[in-house]
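Structure, as structure tokens:
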Protein chains: 2
Amino acid sequence: MAVNDGLARLVARAQPRHRTTTEFVEATLREAILSGVIAPGTPLRQEDLAETFGVSRMPVREALRQLEARALAEFHPHRGAVVAEISAADGADIGAIRMALEPMALRLSLPGLTAADLDQAEELIAEMDGEADPGRMGELNRRFHMTLYARAGRPRLLALAEQHLLAADRYLRFQFAALGYLPRSQDEHRALLAACRAGDADAACRLVEEHVGQAAEQLTAFLGAREAG
Amino acid sequence: MAVNDGLARLVARAQPRHRTTTEFVEATLREAILSGVIAPGTPLRQEDLAETFGVSRMPVREALRQLEARALAEFHPHRGAVVAEISAADGADIGAIRMALEPMALRLSLPGLTAADLDQAEELIAEMDGEADPGRMGELNRRFHMTLYARAGRPRLLALAEQHLLAADRYLRFQFAALGYLPRSQDEHRALLAACRAGDADAACRLVEEHVGQAAEQLTAFLGAREAG
DNA sequence: TGCCAGGATATTGGATCCAATCTATCACCC
DNA sequence: GGGTGATAGATTGGATCCAATATCCTGGCA
């Protein structure tokens with residue numbers, strides 16, 4: 001058996017439609033870490049990963065370097081990499097970054113949002129209503145947020161925002177795995193969308209900041225209690 | 001002669017006091033790109049870099065991967081990497097990110113700032129007054145800002161803020177190379193420091209946002225004009 | 001004369017091999 | 001019996017080698 005059954009399945013399902021092997025390994029590993037298939041703290045042995053992917057150690061090494069730069073893996077020279085740990089402090093950190101980036105993205109995007117964008121956001125809210133699977137839920141939530149930010153015309157800002165949305169989702173899945181349920185925030189989503197439809201930038205920015213802050217607060221409360229005892 | 005004289009000098013001066021060769025190459029290359037020693041768009045040939053550093057191609061490859069993840073180099077499969085280009089759009093992007101991150105960092109840091117921190121910030125302002133070298137100037141400016149954010153207790157947020165502060169400084173050096181002078185903003189620095197001393201979080205955040213916005217605006221005006229003609 | 005095809009060349013991507021270093025275990029000394 | 005040091009094993013870091021791919025130049029053809 002490979003190191004990690006879940007990862008092996010992910011690799012088997014994944015279409016290596018990437019241009020280079022390194023890209024393929026990086027994308028698959030990132031997905032595995034973000035989705036929780038590989039638990040925080042898991043050692044990432046190059047040899048094992050290479051075997052799982054059916055490649056040599058080299059693309060694995062390059063992929064791990066990129067994951068390190070994205071804070072998804074921690075490197076210790078001559079000791080190897082481990083999947084980034086989860087902590088209340090880091091969760092609060094990610095929350096603070098989101099609270100800074102997302103209102104800015106929304107403010108820049110709002111004037112350019114089309115009726116079609118807003119309709120799609122509404123549809124995503126509706127889909128979330130009936131969704132129980134945390135993976136699908138996170139995906140829908142991410143798409144909802146990014147739909148609202150899409151017209152900001154700032155690729156770097158959007159990439160950073162999405163990166164930290166994904167990081168937050170990783171924490172959320174972790175919370176789900178422990179608690180068995182997901183905190184819902186559909187009312188906040190609806191209020192946010194309404195403010196966007198009204199074109200009220202100040203209200204929308206305030207709502208998204210509060211919305212992100214709420215999620216971060218619940219998360220740190222959960223993680224703080226977990227770390228304390 | 002090596003590919004790039006400036007880089008060769010940087011390598012010669014650099015102390016390889018890093019634990020691995022890859023770290024050494026990455027740090028030196030990053031410094032070279034950020035300081036403008038290697039111009040935007042310059043191809044980063046692995047073989048040439050390896051020779052310049054006196055190492056094999058492998059640590060160079062890993063270093064380039066990390067630079068890519070930090071948006072300092074652009075990869076094109078089978079075609080190599082080039083130093084990230086400079087553009088008005090990207091400058092505005094970086095400015096928007098700074099305008100989001102830095103007020104948040106300051107707000108979190110402000111309650112924890114000590115008198116010593118504020119005195120050091122004041123000293124850095126004084127040093128900037130008499131500084132003509134753009135490299136030193138950027139360094140002092142970066143330290144001034146980071147001193148004010150240091151007590152935020154959010155490592156990821158601070159790392160992101162510093163990263164984009166450095167990216168902005170790269171743009172500023174580029175502007176200096178073309179214009180021959182640096183736009184000063186010492187009045188804004190002093191006003192910002194005064195607000196921090198007064199403990200007025202709202203004012204301080206507003207000032208830092210305006211300050212960053214000003215710089216970004218000047219930059220995009222310069223780059224926009226340059227791209228137009 | 002301009003365009004397309006094909007091959008030569010340069011450069012990167014990936015695999016294998018060797019060296020450096022960290023960890024764990026075990027013996028030995030205090 | 002506990003702690004320290006040496007040694008062996010495992011694992012990563014770095015170098016070299018080979019394969020794949022992109023680019024560029026040249027020659028033929030319309």
Side-chain angles (χ1 to χ4, degrees), chain A residues 1-4 7 11 14-30 33 38 41-70 72-85, chain B residues 1-4 7 11 14-30 33 38-39 41-85:
Chain A
M1 176 189 107
V3 191
N4 188 312
L7 179 59
V11 172
Q15 302 298 330
R17 67 195 180 293
H18 299 79
R19 284 188 286 193
T20 70
T21 310
T22 298
E23 279 180 32
F24 167 61
V25 172
E26 197 268 341
T28 309
L29 266 183
R30 187 177 51 196
I33 294 174
I38 317 183
T42 307
L44 296 166
R45 301 249 164 281
Q46 297 177 2
E47 194 86 39
D48 297 343
L49 291 174
E51 195 190 347
T52 304
F53 280 94
V55 300
S56 86
R57 265 177 52 212
M58 172 113 357
V60 172
R61 277 165 66 173
E62 290 193 20
L64 289 177
R65 285 290 176 194
Q66 289 178 294
L67 294 174
E68 183 202 17
R70 291 196 154 73
L72 292 176
E74 293 165 14
F75 255 77
H76 304 275
H78 293 282
R79 286 177 45 197
V82 299
V83 176
E85 294 284 359
Chain B
M1 174 188 112
V3 191
N4 188 311
L7 178 59
V11 171
Q15 302 298 331
R17 66 197 181 293
H18 299 80
R19 284 188 287 194
T20 69
T21 310
T22 298
E23 278 180 33
F24 166 62
V25 173
E26 198 268 340
T28 309
L29 266 183
R30 187 177 51 198
I33 293 174
I38 316 183
T42 306
L44 296 166
R45 301 247 166 280
Q46 299 178 359
E47 194 86 36
D48 296 342
L49 292 174
E51 195 191 347
T52 304
F53 279 94
V55 300
S56 84
R57 265 179 51 211
M58 174 114 355
V60 173
R61 276 164 66 172
E62 291 194 18
L64 289 178
R65 285 291 178 194
Q66 288 178 294
L67 294 175
E68 183 203 16
R70 290 196 153 73
L72 292 175
E74 293 166 13
F75 256 76
H76 304 276
H78 293 281
R79 285 178 44 196
V82 298
V83 176
E85 294 283 359

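We name chains A, B, ... by the order of the sequence lines, and we start the count at 1 in each one. In this text the structure is predicted, and so the values were computed from the model without any measurement.
In this structure, A/Phe75 has no ring pair (Phe, Tyr, Trp, His ring centres under 6.0 Å) partners at least two apart in sequence or on a different chain. For A/Glu26, there are no side-chain hydrogen bond (donor to acceptor under 3.5 Å, both in side chains) partners at least two apart in sequence or on another chain. The side-chain hydrogen bond (donor to acceptor under 3.5 Å, both in side chains) search around B/Glu23 returns none, not counting sequence neighbours. Residues satisfying the side-chain hydrogen bond (donor to acceptor under 3.5 Å, both in side chains) criterion with A/Arg57, sequence neighbours excluded, are A/Gln46.
Rounding to the nearest 0.5 angstrom, the gap separating the CG atom in B/Leu67 from the CD atom in B/Glu74 is 12.0 Å. With rounding to the nearest 0.5 Å, the separation of CZ in B/Phe53 from CG in B/Leu29 is 4.0 Å.
B/Thr20 approaches A/Pro77 most closely through the heavy-atom pair CG2-CB, 4.0 Å.
Screening B/Glu62, B/Gln66, B/Glu68 for a side-chain hydrogen bond (donor to acceptor under 3.5 Å, both in side chains) involving A/Gln66 leaves a single residue, B/Glu68.
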Under 3.5 Å, which N/O atoms of the protein pair with N/O atoms of nucleotides 13-15 of chain C?
from, atom 1, to, atom 2, distance (Å)
C/dG13, OP2, B/Gln46, NE2, 3.2
C/dG13, N7, B/Arg57, NH2, 3.1
C/dG14, OP1, A/Thr21, N, 2.5
C/dG14, OP1, A/Thr21, OG1, 2.7
C/dG14, OP2, A/Thr22, OG1, 2.9
C/dG14, N7, B/Arg61, NH1, 3.0
C/dG14, N7, B/Arg61, NH2, 2.9
C/dG14, O6, B/Arg61, NH1, 3.3
C/dA15, OP2, A/Ser56, N, 2.9
C/dA15, OP2, A/Ser56, OG, 2.6

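Taking five base pairs at each end of the helix from C/dT1-D/dA30 to C/dC30-D/dG1, the local helix axes there meet at an angle of 20°, rounded to 10°.
Computed from coordinates, the B/Leu49 CG to C/dT11 P distance equals 12 Å when rounded to whole Å. The interatomic distance linking B/Glu74 (CD) with C/dT12 (C1') rounds to 17 Å, in whole Å.
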